[in-house]
Chemist: 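If you scroll down you'll find the structure; I have some questions about it.
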Amino acid sequence: LTTDLSGVAEGRVGGEADRRRWLRLARSAALAVLLALLAGVIARTAWVGDDAYITFRTIDNLLNGYGMRWNIAERVQTYTHPLWFLFLTPAVAAIGNPFVAALVVSGIVSTVAIGLIVAPVRARPAQAAFLIAAMVCSRAFVDYSTSGLENALSHALLAGLMWWARTPAGVPRRAFAGGLLVGLAALTRLDLILLAGPVGLLGLRHLRRTLPAFVLGLAPLAGWELFSVIYYGVPFPNTAYAKLATGIPPDELLRQGVTYFLDALQRDPLTLFVIAAGASAALSRSGSRIAGLAVLAYLAYVARIGGDFMTGRFFSAPFVVSLCLLGRMPWPVTPVGWMAPLAAVMVLGLSVPKPTVLSGPAYTTPWDEIFTPSGIVDERGMYFQVQGWLSTGGPRVESGHTERLLEKIRAVKAENPRAFPHNTVGLAGYLTGPDRQILDVFGLGDPLLARLPAKRPWRIGHYTRELPEGYYETVITGRNQIADPRIASLYEVLRDVTQGPLWSVRRWRAIVALNTGRTDGWPVN
Amino acid sequence: MLDSPAGSPHTVRTLGLAFFGILLLRTAWLSDAAYLTLRTVEHAATGFGLRWNVADRVQVYDHPLWLAVLAGGRLLSGETYFTTLAISVAASLIALWILLRHATADLTAVVVVAAAASSPLFLAFSTSGLESPLVHLLAAAFVTAALARRPPALLSAIGGLLVLTHWTTVFLVAPILAPLAMSSGRQARRLVVLTALPALVWHAAAWWYYGTIGPNGWVAARTEDVAWADRLRSGLSFFAGTTQCDPLFAAVLLMGLVFGLAMGGVAARLALGSALAMGWAVLSGGSVMAGRHLSVSFVVGLALAARFLPGAGPWSGLTALAGVLVYASLAPVATVTSGVEYGRDYLPTARPHDPRAEDYQATGLLLESRPRQAPSDPGIAAALESAPPGQAVAVSRRIGMIGFSAGPERYVLDRQGRTDPLLARLPPAVGIHGRWSAERRLPGGYLERLPDGAPADASLEQLTGDIRAVTRGSLVSVERPGALFRLPRRTPDLVAASPYGLREMPIATLGAEVATVPEGGIDVTLSAPRRIARVTARLTAGYAYRVDVMRGSDVVATVETPPLAWGVEAEAPRELTLPSVVTGTALRVRCGDGIGRCALGEVNLDD
């Protein structure tokens with residue numbers, strides 16, 4: 001008391017309090033500026049990729065009463081992200097424009113994700129600044145915070161799960177929340193279970209009490225799987241069959257997967273730096289080792305499947321988890337100690353050929369640079385000028401390709417009264433509308449082609465299939481004219497599963513045959 | 001649960017390692033010299049033995065332990081390129097991790113990481129396929145053990161492995177181990193044995209298997225017989241070139257010496273070892289690769305800096321960091337901006353040169369055309385196609401890569417003699433290349449008769465016979481031991497009597513053969529005054545030339561050439577166009593900076 005009083009007498013207490021208040025204000029202002037910068041960068045780079053339109057077509061058909069179908073003739077799940085689909089559908093219904101709806105929902109969900117990443121470290125400005133700067137400079141994070149794909153939702157759910165995992169879940173209610181987050185993450189994209197599952201289980205204490213509640217939290221995922229089997233006839237999206245069952249030898253895919261990492265190393269080293277640092281930090285601490293292993297397991301999975309054709313896309317989820325892990329690390333308090341990580345982020349983020357912060361309305365990748373031997377492309381660079389919100393001529397509310405493509409589609413429709421084969425079926429499929437069946441030669445939207453081996457040479461994410469002899473005629477006439485008897489039987493099974501009455505015995509026998517691989521000899525009509 | 005107690009310096013080290021790792025991967029490459037070893041590894045893994053050309057037992061590598069590590073990796077993975085890089089990256093990361101353990105303060109850790117990640121040469125040698133990553137790892141462990149006063153047996157064991165990785169590290173370990181060895185009787189002897197045993201066993205085995213104590217390159221260097229004064233001048237030029245290539249690298253070398261001497265005791269002896277290693281690198285003439293064999297001293301420098309800085313006052317760390325950043329900014333290329341295009345337009349005109357720039361476009365990890373098995377370079381295919389399939393091919397450059405790409409069935413003859421037991425024993429022919437890669441004249445019929453036949457030259461018969469007995473004869477044959485002892489003694493006699501020797505004759509006439517240019521230049525006298533528009537001549541790559549057209553004692557015209565790129569095949573005559581057509585009675589040609597052997601030959605005039 002004496003000290004306090006003497007301090008007041010000398011005017012020190014008030015001065016110190018003022019100094020601290022101003023310091024707090026300055027830190028808050030600095031963080032606000034950084035957050036504004038992040039928001040600005042994401043807004044400036046906002047775009048919608050062609051693949052998002054595959055989902056938009058299903059939403060369009062659903063909203064027009066045709067069911068959750070891409071080609072209205074058959075029940076096929078062409079979207080990989082059920083929860084994202086369920087998020088987008090009401091937004092499209094409300095706004096009436098999928099392009100705008102995707103951008104709005106992405107913006108909201110990304111804001112939530114950023115909030116969940118930064119909020120745990122809001123009292124530690126240096127650490128928060130590091131995390132925000134990393135998000136600003138990470139090409140994978142910035143590009144896929146919009147894009148119309150599910151990444152933004154993945155970021156939010158994983159960040160939420162990492163927040164949940166900050167304190168152990170010893171009571172059923174918290175365990176249920178953890179299970180729910182894991183289930184929702186997996187429902188957003190099934191392979192996220194590799195990242196989310198271990199983190200969720202790591203957070204449980206008193207397993208006998210909490211595990212049942214955790215499992216109960218997975219109910220939405222189980223529910224979706226049940227629905228998927230009943231409605232679509234298979235537990236996994238058609239894209240999984242199209243991309244994972246290509247007949248390409250594992251060593252070729254692994255080599256392509258390594259190339260995917262090296263591509264990111266060239267275009268977006270910062271993202272890999274954060275992932276490496278986050279995983280290393282987690283692995284070096286006994287309490288978070290499983291989270292580090294989960295990141296490594298996910299990366300191994302990405303390498304194993306050959307990565308993706310969109311540069312950096314599959315790294316945004318482990319990036320978010322790693323950021324959260326770094327957010328848990330004790331942060332250096334000396335000026336050099338906390339400035340050095342920030343400098344590392346800035347150096348790596350700004351030294352690449354196309355830094356995110358310099359991406360303006362004219363952002364593009366020239367055609368001659370898009371298709372490299374690896375098949376991996378800068379997808380945003382490819383589409384930004386026609387589908388970037390604030391690209392040249394923006395703000396856009398629809399793809400700049402719409403008019404040109406509609407003209408082509410009208411010509412194709414005139415020649416093909418029922419169906420036609422096509423590749424890159426995103427925007428083209430959406431603009432085609434419900435009155436034509438599209439035979440997607442990449443197999444993403446076609447259940448038969450998805451189950452046939454890919455042609456060679458192959459490109460990652462674009463596994464072209466040969467149309468089986470008689471397949472097109474079969475689709476046109478409705479009579480199975482496929483020459484190869486095994487493929488004819490497979491088609492027949494698929495037709496029963498995707499087009500037969502939902503509860504018919506024949507359909508359920510076909511579902512069993514399809515999922516157990518016993519389609520040979522199925523009677524052909 | 002995922003939260004950790006505050007205040008750990010662990011975070012800076014983790015982030016630092018990740019940062020260094022990313023830059024390491026972005027700059028990862030394999031050098032041509034590494035492919036000499038990798039071809040041997042490939043042959044060993046496929047059952048041909050530890051040989052470069054499967055026909056001969058010739059040791060082309062000078063890093064036995066590194067070769068063993070690579071061979072183990074190759075056997076496990078069945079693949080060479082990624083395996084070599086993975087081993088290199090892992091060793092380099094562990095080395096930095098050990099170094100960072102010296103850094104107890106955030107600032108020191110930042111200085112160490114910034115220096116390691118900003119030095120182009122340290123990063124280059126942290127992959128490269130050469131033994132440097134393993135040397136870095138063992139040197140970091142050795143320095144750590146020495147500073148922590150670990151048991152002498154441990155120090156000796158690490159020292160022994162270091163020397164087995166590359167013999168030049170003996171200079172680093174000697175000042176630490178020598179006093180230990182001299183300090184007591186029986187224990188001292190055990191220490192000496194422990195240190196020397198791996199290397200002694202290896203050299204004995206290598207002598208029996210290969211017939212030489214040391215790699216074939218040593219034999220070639222001995223035959224070249226470069227004067228120590230020349231070596232020293234060349235070594236100083238190498239050090240200057242290294243500094244030019246990477247000022248930070250040189251600064252850390254010197255910083256380590258200063259800090260070590262300032263700390264005294266073990267640190268001072270480590271600094272002395274580092275200085276000796278540097279001294280040997282300079283005295284031996286250096287290397288064509290800037291910074292080669294100096295990176296071990298860089299590691300010692302970082303370790304000593306990490307020890308010294310925390311106790312040297314609050315500003316010393318900041319000063320060191322500022323110094324690192326300033327010196328890093330002086331490098332021609334920043335490590336962080338090195339991407340897929342690195343070295344695309346590089347012409348290695350300077351010696352020594354940036355080693356990574358020369359080979360990155362053939363072996364860089366970031367390249368889309370990164371090697372799946374053999375390196376990708378159009379020159380390699382062209383070289384292999386220069387002779388019919390199955391026939392031996394003679395090469396002057398990219399020897400390692402061409403040899404690796406050729407496969408085991410092709411005999412590849414290295415004109416510089418580093419991989420060929422006969423050419424290594426022939427003196428270098430003057431000319432096309434310089435001090436570091438002296439080519440040999442091929443004995444008549446030698447190339448055509450390989451791999452089975454001997455050269456037609458009768459004066460080489462005995463030498464060839466002994467070489468064949470040593471490198472191809474049965475390891476347990478009766479003749480072989482005699483040949484093993486005779487072979488080292490044959491070489492000097494042959495050099496003296498050989499028609500393949502170096503000729504220091506001035507060129508007096510047009511069209512004369514290639515010969516060295518004396519330091520004061522050379523005069524080419526014309527039989528009558530001639531109008532001259534152009535001069536054509538064969539020149540040595542890597543040197544600048546100046547040609548004065550003389551009329552009497554007056555210089556009437558001058559033409560100069562910048563140093564020719566080493567990558568350019570210099571077999572074809574170069575054309576030097578005069579500013580105007582002049583009449584002259586002689587040409588005076590000067591070249592180079594007096595270091596090495598620039599040459600001139602087949603001078604012709606065009607009017």
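So you know, we letter chains A, B, ... as the sequences are listed, proteins then strands, and number each from 1. Quick caveat, the model's predicted, so the values are computed rather than measured.
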Chemist: Check whether any side-chain heavy atom of A/Trp338 sits under 4.5 Å from a side-chain heavy atom of B/Asp106, and report yes or no.
Modeler: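 No, side chains not in contact.
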Chemist: Relative to chain A, which of B/Leu365, B/Thr337, B/Leu107 shows the most heavy atom pairs under 4.5 Å?
Modeler: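 Result: the option with the highest number of such pairs is B/Leu365.
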Chemist: More than 12 non-hydrogen atoms from neighbouring residues, nucleotides or ligands closer than 6.0 Å to CD on B/Glu341, yes or no?
Modeler: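 No, not enclosed.
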Chemist: Which bit of B/Val110 is near chain A, if near means a heavy-atom gap under 4.5 Å: side chain, backbone, both or neither?
Modeler: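 When you check distances to chain A, only side chain atoms of B/Val110 fall under 4.5 Å.
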Chemist: Would you name the heavy atoms of A/Pro332 and B/Val12 that are closest together and state the gap between them?
Modeler: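 Smallest heavy-atom distance, with atoms named: CG-CG2, 3.3 Å.
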Chemist: Within the distance-only criterion (no hydrogens, no angle test), does the side chain of B/Glu368 pair as donor or acceptor with the backbone N or O of A/Ser374 below 3.5 angstrom?
Modeler: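 Judged by distance alone, yes, a pair lies under 3.5 Å.
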Chemist: Between B/Leu25, B/Leu321, B/Leu17, which shows the greatest number of heavy-atom pairs under 4.5 Å with chain A?
Modeler: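 Most heavy-atom pairs under 4.5 Å with chain A: B/Leu25.
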Chemist: Taking everything shown except A/Trp163 itself, do over 12 heavy atoms lie less than 6.0 Å from its CH2?
Modeler: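 Buried by this count: over 12 neighbours within 6.0 Å.
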Chemist: Find the distance between CG (A/Leu262) and CZ (B/Phe82) and round it off to the nearest 0.5 Å.
Modeler: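 Here the rounded value is 6.0 Å.
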Chemist: Is the number of heavy atoms from other residues, nucleotides or ligands under 6.0 Å of B/Tyr327 OH greater than 12?
Modeler: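 Atom OH in B/Tyr327 is not packed in, count stays at 12 or less.
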Chemist: Within a strict 4.5 Å, meaning less than it, do heavy atoms of the B/Thr11 and A/Leu326 side chains meet?
Modeler: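 No, side chains not in contact.
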Chemist: Which residues in residues 340-347 of chain A have any heavy atom lying under 4.5 Å from a heavy atom of chain B?
Modeler: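 Within residues 340-347 of chain A, near chain B: A/Ala340, A/Pro341, A/Ala344, A/Val347.
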Chemist: Can you measure from CG (A/Leu348) to CZ (B/Arg26) and round to the nearest 0.5 angstrom?
Modeler: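 That separation rounds to 7.5 Å.
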Chemist: Quick check on A/Phe130 against chain B: is it the side chain, the backbone, both or neither that has a heavy atom closer than 4.5 Å?
Modeler: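 Contact with chain B is through the side chain of A/Phe130 alone.
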Chemist: Please state whether the side chain, the backbone, both or neither of A/Val274 comes within less than 4.5 Å of a heavy atom of chain B.
Modeler: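 Neither part; nothing is under 4.5 Å.
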Chemist: If you count heavy atoms of other groups shown closer than 6.0 angstrom to CZ of B/Arg101, is the number above 12?
Modeler: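 Open.
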Chemist: Kindly check if the number of other-residue, nucleotide or ligand heavy atoms within 6.0 Å of CZ (B/Arg344) is above 12?
Modeler: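 More than 12 heavy atoms, drawn from other residues, nucleotides or ligands, come within 6.0 Å of this atom.
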Chemist: Answer yes or no: is there a side-chain heavy-atom contact under 4.5 Å between B/His10 and A/Pro330?
Modeler: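 No, their side chains stay 4.5 Å or more apart.
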Chemist: In terms of heavy-atom pairs under 4.5 Å with chain A, which of B/Thr14, B/Leu23, B/Leu366, B/Leu318 leads?
Modeler: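 Top option by heavy-atom pairs under 4.5 Å: B/Leu366.
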Chemist: Under the side-chain hydrogen bond (donor to acceptor under 3.5 Å, both in side chains) rule, collect the residues that match up with B/Ser77, sequence neighbours excluded.
Modeler: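 B/Thr83.
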